[in-house]
Amino acid sequence: MTSNEELIKTLNLRFKGISPEEIISWAIGKAKNPVVTTNFRPYEVAILNAVSEVRKDIPVVWCDTGYNTPQTYKHAKELIEKLRLNIDLYVPKQTAAFRDATMGIPQIDDPKHSVFTEQVKLEPFRRAMEVHRPDVWFTNLRKGQTALRDSLDILSLSKDGVLKVSPFYHWNDAQLDVYLKERNLPNEHNYFDPTKVLENRECGLHT
C-alpha cells in the first residue's frame, strides 16, 4: 500500500461521522483546483448546496447526455438559479437526434452500447477533466448505489490520481430527505440515465 493510500485510509476512518461541511472545508483547504460534477439526478442538490456554501465560485461540471427527462432539465434550471451555480456544461459531439436516427439507445448486451456510452458520457467527461485538470473532485457517490461504489469511501483516488471526495458517502435517502427539508431544497426523482438502464449498474465514470 502506498503512503497516499495509507493516508486516505486513515482519513476515511477519521471522517466517518463528521459533517459533510467539515469534510468539504478540509478538502477545499487542500485543493488548488477543485471541481464538483453533477448530472442533476435525485439528491444531487445536497452535494451542490454543501460545496457551494463553502466555495461559491467552484466550477460545477455538468455533462448532459441529451437524454434527461423534462423534469430533470427544469430541476437543473431551478438549482442553477437558486444556488447560483458556476455551471460549465459539456455535451456530446453528436446530437441526440442524429444518434436516435443512426443508433438509438442500445441495450446493455448490445456491442453498440459501449460506443453509445463513450459518445454521451465518457468523452464529454474526459473533455471536461482535460479542461479543468482538477486535483480535488467532489461527487455525490454513496454506499449502496452499486457494487463498485460499495468498495470506495468518503475519500478515494481516481485512476488519474485525482482525489475524489464524497461527503455524503455514508448517508441514506432518509437522512438526505431530512437534510433537504431542513434547508428547503428541492429534489427531483424523475430521472433517466441511458447508459445505466438498471439503477444499480455503474455508469462508467468511476471505474
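Count residues from 1 along the sequence.
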Exercise. Atom NZ of K9 and atom CG of N4: how far apart are they, to the nearest 0.5 Å?
Worked result: 15.0 Å

For this session: Verify whether one side chain among D193 and T195 offers a donor that lies under 3.5 Å from an acceptor in the other.
Result: yes

For this session: Name all residues meeting the ring-ring contact (aromatic ring centres under 6.0 Å, His included) criterion together with W171; count only those two or more places apart in sequence or in a different chain, and write none if there are none.
Result: F168, Y179

Exercise. Without hydrogens or angle criteria, can the side chains of W137 and S158 be said to hold a donor-acceptor pair below 3.5 Å?
Worked result: no

For this session: Write down the atom of A96, the atom of G66, and the distance for their closest heavy-atom approach.
Result: CB-O, 4.1 Å

Exercise. Under the ring pair (Phe, Tyr, Trp, His ring centres under 6.0 Å) rule, what pairs show up with a residue in residues 64-98, not counting sequence neighbours?
Worked result: Y67-F116

Exercise. Restricting to pairs with a member in residues 86-100, which pass salt bridge (charged side-chain N to carboxylate O under 4.0 Å, His left out), not counting sequence neighbours?
Worked result: K93-E123

Seminar exercise, completed: Sequence neighbours excluded, the answer for side chain to side chain contact (heavy atoms under 4.5 Å, CB included) partners of V178 is E182

Problem set entry | Where at least one partner belongs to residues 31-60, residue pairs that pass ring pair (Phe, Tyr, Trp, His ring centres under 6.0 Å), sequence neighbours excluded | F40-W62, Y43-H189

Exercise. What about L155 and L13, same hydrophobic cluster or not, with Ile/Leu/Val/Met/Phe/Trp/Tyr joined at side-chain heavy-atom distances under 4.5 Å?
Worked result: no

Exercise. For T139 and I47, which heavy atoms make the closest approach, and how far apart are they?
Worked result: O-CD1, 3.6 Å

For this session: Please check if the side chain of E130 supplies one atom and the backbone of R127 the other of a donor-acceptor pair under 3.5 Å.
Result: no

For this session: Using modelled atom types only, decide if a donor and an acceptor are shared between the side chain of R183 and the backbone of A46 within a distance under 3.5 Å.
Result: no

For this session: Kindly write out the residues that satisfy side chain to side chain donor-acceptor pair (under 3.5 Å) with E78, not counting sequence neighbours, or none if the list is empty.
Result: none

Problem set entry | Any donor-acceptor N or O pair under 3.5 Å, side chains T65, K121 | no

For this session: Give the minimum heavy-atom separation between A128 and C63, together with the two atoms involved.
Result: CB-SG, 4.5 Å

Exercise. Partners of R126 by side chain to side chain donor-acceptor pair (under 3.5 Å), sequence neighbours excluded?
Worked result: E118

Exercise. Between N39 and Y191, is any side-chain donor less than 3.5 angstrom from a side-chain acceptor?
Worked result: yes

Exercise. Taking C-beta and beyond as the side chain, do L83 and E53 meet within less than 4.5 Å on heavy atoms?
Worked result: no

Seminar exercise, completed: Here the gap from F192 atom CZ to R41 atom CZ, rounded to the nearest 0.5 Å, amounts to 12.5 Å

Problem set entry | Any donor-acceptor N/O pair, T72 side chain to N190 backbone, under 3.5 Å | yes

For this session: Give a yes or no on whether the backbone of D153 and the side-chain of S156 come within a donor-acceptor separation of less than 3.5 Å.
Result: no

Problem set entry | V35 and M129: CA distance, side-chain angles, deciding distance, side-chain contact (heavy atoms from CB on, under 4.5 Å) verdict | CA-CA 9 Å; V35 300; M129 293 297 103; 4.3 Å; yes

Exercise. Which atom names give the shortest non-hydrogen contact between K143 and H170, and what distance separates them?
Worked result: CD-ND1, 4.5 Å

Problem set entry | Qualifying residues under side chain to side chain contact (heavy atoms under 4.5 Å, CB included), relative to K82, sequence neighbours excluded | L185, P186

Problem set entry | Considering all heavy atoms, the nearest G161-L157 contact | O-CD2, 3.7 Å

For this session: Tell me, please, which residues at least two apart from E21 pass side chain to side chain donor-acceptor pair (under 3.5 Å).
Result: none

For this session: Carefully, step by step, assess E44 and E188 under the rule side-chain contact (heavy atoms from CB on, under 4.5 Å).
Result: CA-CA 9 Å; E44 283 288 289; E188 176 55 62; over 6 Å; no

For this session: Classify the side-chain pair E22/S25 by whether it contains a donor and acceptor separated by less than 3.5 Å.
Result: no

For this session: Just jot down the side chain to side chain donor-acceptor pair (under 3.5 Å) partners of K77, sequence neighbours excluded, or say none.
Result: E81

Problem set entry | Where at least one partner belongs to residues 54-66, residue pairs that pass salt bridge (charged side-chain N to carboxylate O under 4.0 Å, His left out), sequence neighbours excluded | R55-D57

For this session: Could you pull out all residues at least two apart from V136 that satisfy side chain to side chain contact (heavy atoms under 4.5 Å, CB included)?
Result: A27, A31, P34, F138, L163, V165

Exercise. Is any side-chain heavy atom of N12 closer than 4.5 Å to a side-chain heavy atom of I8?
Worked result: yes

Problem set entry | From S166 atom OG to I23 atom CD1, the distance as rounded to the nearest 0.5 Å | 9.5 Å

Exercise. Hey, does the side chain of D110 reach the backbone of P106 with a donor-acceptor pair shorter than 3.5 angstrom?
Worked result: no

Problem set entry | Nearest heavy-atom neighbours spanning I105 and P194 | CG2-O, 4.0 Å

For this session: Enter the distance from T38:OG1 to L48:CG here, rounded to the nearest 0.5 Å.
Result: 4.0 Å

Exercise. CD1 of I18 to CD1 of I24: how many Å apart, nearest 0.5 Å?
Worked result: 12.5 Å

Problem set entry | Close side-chain approach of N86 to I58, heavy-atom, < 4.5 Å | no

Seminar exercise, completed: Here the gap from Q71 atom CD to K74 atom NZ, rounded to the nearest 0.5 Å, amounts to 6.5 Å

